[in-house]
Structures are given as C-alpha cells and as structure tokens.
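Counting starts at 1 for both ligands and their atoms, following the listed order.
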Amino acid sequence: MLTGKNILLGISGGIAAYKTPHLVRLLKKSGADVQVMATDSALKFVSELSLATVSNRSVLTDIFTADTEGERTRHISLGEWADALVIAPATANTLAKLAGGLCDDMLSISLITLRPGKPVLLVPAMDGYMYDSPSVQRNLSVLKQQGCRVLEPESGPLASGQCGLGRMPEPETIFEALAEMLAAPEPSALSGKTVVVTAGPTREKIDGVRYLSNYSSGKMGFAIAAEAARRGATVHLVSGPVTLPTPPGVQRHDAESAVEMLEAARPLFADCDLFIGAAAVADYRPETPVEGKIKKHDAEMELRLVRNPDILAEFSTNRKPGQLAVGFALETAGGIDYARRKLTDKKLDLVAFNIYDGTTSGFEVDTNVLTLLDRDGAITELPLLSKEEAAERLLDAIELLLPR
Ligand SMILES: Cc1cc2nc3c(=O)[nH]c(=O)nc-3n(C[C@H](O)[C@H](O)[C@H](O)COP(=O)(O)O)c2cc1C
C-alpha cells in the first residue's frame, strides 16, 4: 500500500512509545522506507536498538551528531526526502515545541523542514487531565490551523492509573490513518474551479479609536478556504480583521469594514464558479464616523446606524448562470426558518445554518454544528465536528450542486 513512500516517524517520550516498533513494522511491511526520529525522552521508553533493527536505519535524535560530510545537513534534506511525517506518540511537551516553532532536535526540526503540502499526522497520547488542559488544546488548535491532522486519543485505562481519554490508538489505526492521507485523492469537482470565500468579522468605525464588530474569529471561513485549495480550486479569501495565518495555496485579500469587504470581493465575482459568504458582515454601520475620539460630555449618546451593503445578495442577484452562491445563517437559538428564508430570499444554492452557543458551535470556538439546507429542499444535519471536518462536509455537499 505504501510502496516507495518515505515516512518520517517522530517518537516522543510518552509511555505509548513502547508500541512504536510495531508501527514501524507495519509501515515497512506495506513497502514504506521509515526513518525514525526519537527524542531523548522517547529512548527511555523504547530501545534505540529495537527501532534501528525494525526500521533498518539508525535512529536520529540529535541534530549535531552526524559525522560525515553528506549527513551534516540531514535535518534539512530529510524534509525533502519525506512523503509524510507522523509523530506518535506526541507528548504535551513536543506539541508545545511544534506549535511554538522550536527546532532543537531532529524530531522538532522535521516539521519545519518538511516540504509544504506533505501530510503531517500527530498522534497525541497522555493522561486525560493533561490532554484536556488549555495549553495542550491551544497547541493542538495552532497545529491544526497549520494543516496538521490530529488522530484523537482513545479512551481506556491509562498509565497514570486513571481511566479516560488519552490512550494512543493502536499502531494498526495509526497506519490506516496515514495510508488514507497518502492515498491518491478522489478527483474533486472543485479541482480547477475558482472559489471566493469571505471570512471573519467586519469593523464599522464609530470614531478614530472605536468600532462596532462581532465575535467572529474567521476559523470557519479559513477552514473552508484551506479545504477548497486542498481540493485543487483557485481560492480567493476575502478576510475581515482576524489573527489567523493564510492557509497554504490561498490568495488572501484583507478588508476592515463591510464596504471595504465588498470592494475587495466585487472584482472577483465575475470569474468565480462559487461564492461562499462565511464572513459575519455587520448589518449596520455608524452613519457618520467621527474624526478623532468622541469625548464623554453628556450622560447619553445617540449613534445613528445605516444599512451596510449585503455582499452575498449582491453576488447572488448579479451572478451569471452556473455560478453558485452559498451563505451562512447564524442564530443564537432556533432560527432554522430564518435560514430557510435566507435561502429563498437571496436565491442561494445552499445555506449552512449554525447556532452560536459560545461553547461548541458558532463564533470563536474550534468546532461547529451545521445544518445544510439546499435549493432542492434537502436538509442535512451534521454532528458536532471540528471546523476543518465541517468544511469538508460542506464542500462535499456543494460539489453535488456544481454544474457537471
Ligand atoms: C513514566 C512517565 C510516563 C510519561 N508519559 C507521558 C505521556 O504519555 N504523554 C506525555 O505527554 N508525557 C508523558 N511523560 C512526560 C514526558 O516524558 C516529559 O514531558 C518529557 O519532557 C517529554 O519530552 P519529549 O517531548 O522531548 O519527548 C511521562 C513521563 C514519565 C516519567
């Protein structure tokens, strides 16, 4: 299955490292060449001799130990050699290093030197309390945003004596996840298409130092843009003010206000096959933003608001036959009727309805629960998913609506 594939296997210092010689054997048996990189701590849990024997290569740990000319820059050349990088188990410590971009050993430097677009599979394994800690979750979120795939730990008895989430999946499961990532992608209906995605909030100026906005983080729109690019589309991402890195292969256009977002998006309308309005565009803006800072003279202050342009509606009503328009409808409760109305009023092909509950779905968080309503009346309720997975399912549904 993996004949001719070069796999970098990073092993960090968790108890589950004892399972890794078996993972190496599975990879080798399927035809892959495996280069093991272990941290110093990992070698306290699994023997270097076992790993070197099953992989038929020396185990790499330190960047500076190479003694022959050609090997001195192996930390760089391995990034070119590899078809994929797997880190199993990934300790809390190693995840922190990777998320922070540290590179002081062969394992951590490999993530930085790996060529763009090559799959990375992280397999965290640790005590359940460690796994749930805000720092581990934040680091995983950063790494996911960089395009790494995370194989979630399983529940069961842990080395700490507890029973819960944190166990490393068996080597067979890790092998299957990697094989799936390396399999030739199914030809996507989005390949060769041009997609415009709007993402993030807008800021509507009140005065020189204040604005009206909302809690949108841009994560959903950025995940959609990343996934569309992965499927071979030319992707333009028109983004409001967010703190997210631009996904690989995506052309980004930054805007601040709704009016600016429309100005950035409008020139892209004519040549796109698909427009996805995932931005939380403010419906209203202050009529006359004040120069400088408004002083607090009076007990009350009136702010007169005027309607902002509707970017999605402008695209939808002026589009050419065959161009698809997709929107998001966010409510704080109930509200599927509003989503249905949005679908028909704006003549959209699909609306993704989501509830903002502040914890698992809607703005800011890394997960979402989408209900997809399409122009043919089909309703698909998706479960709680990471925004990356939700983006995949949304694009799967959109692909079915694209003209053949
Ligand atoms: C017995 C024992 C088991 C450990 N198991 C884990 C583990 O499963 N996951 C983890 O994140 N850290 C675990 N640790 C802590 C790591 O070994 C420690 O954080 C180390 O610095 C990790 O280094 P590395 O990331 O460079 O391999 C364990 C430590 C001990 C003493």
Query raised in the report: Does a salt bridge link Arg167 with Glu170, judged by any charged N lying under 4.0 Å from a carboxylate O?
Result: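 The answer is yes: the pair qualifies as a salt bridge.
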**Report entry** Glu256 with Lys205: basic N within carboxylate O range, under 4.0 Å
**Finding:**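 Salt bridge flag = no for Lys205 with Glu256.
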Could you pull out every donor-acceptor pair under 3.5 Å between side chains of residues 221-235 and any protein atom, sequence neighbours left out?
{"from": "Glu227", "atom 1": "OE1", "to": "Arg230", "atom 2": "NE", "distance (Å)": "3.1"}
{"from": "Glu227", "atom 1": "OE2", "to": "Arg230", "atom 2": "NH2", "distance (Å)": "3.1"}
{"from": "Glu227", "atom 1": "OE2", "to": "Arg231", "atom 2": "NE", "distance (Å)": "2.8"}
{"from": "Glu227", "atom 1": "OE2", "to": "Arg231", "atom 2": "NH2", "distance (Å)": "3.2"}
{"from": "Arg231", "atom 1": "NH1", "to": "Asp396", "atom 2": "OD1", "distance (Å)": "2.9"}
{"from": "Arg231", "atom 1": "NH1", "to": "Glu399", "atom 2": "OE2", "distance (Å)": "3.0"}
{"from": "Arg231", "atom 1": "NH2", "to": "Glu392", "atom 2": "O", "distance (Å)": "3.1"}
{"from": "Arg231", "atom 1": "NH2", "to": "Asp396", "atom 2": "OD1", "distance (Å)": "2.9"}

Requested in this report: Using a strict cut-off of under 4.0 Å between a residue heavy atom and any atom of ligand 1, list the qualifying protein residues by chain and number.
Outcome: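 Correct list: Ser12, Gly13, Gly14, Ile15, Thr39, Ser41, Phe45, Thr91, Ala92, Asn93, Thr94, Ala125, Met126, Met130.
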Please set out all donor-acceptor pairs under 3.5 angstrom arising from side-chain atoms of residues 281-293, sequence neighbours excluded.
{"from": "Arg285", "atom 1": "NH1", "to": "Arg307", "atom 2": "O", "distance (Å)": "3.1"}
{"from": "Arg285", "atom 1": "NH1", "to": "Asn308", "atom 2": "OD1", "distance (Å)": "2.9"}
{"from": "Glu287", "atom 1": "OE1", "to": "Arg304", "atom 2": "NE", "distance (Å)": "3.1"}

Requested in this report: Compare all side-chain heavy atoms of Tyr215 with those of Pro201 and state whether any distance is below 4.5 angstrom.
Outcome: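 No, every pair of side-chain atoms sits at 4.5 Å or beyond.
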With a 3.5 Å cut-off and sequence neighbours excluded, list the donor-acceptor pairs that the side chains of residues 373-385 form with protein atoms.
{"from": "Asp374", "atom 1": "OD1", "to": "Asp376", "atom 2": "N", "distance (Å)": "2.8"}
{"from": "Asp374", "atom 1": "OD1", "to": "Gly377", "atom 2": "N", "distance (Å)": "3.2"}
{"from": "Asp374", "atom 1": "OD1", "to": "Ala378", "atom 2": "N", "distance (Å)": "3.1"}
{"from": "Arg375", "atom 1": "NH1", "to": "Asp349", "atom 2": "OD1", "distance (Å)": "2.8"}
{"from": "Arg375", "atom 1": "NH2", "to": "Leu401", "atom 2": "O", "distance (Å)": "3.1"}

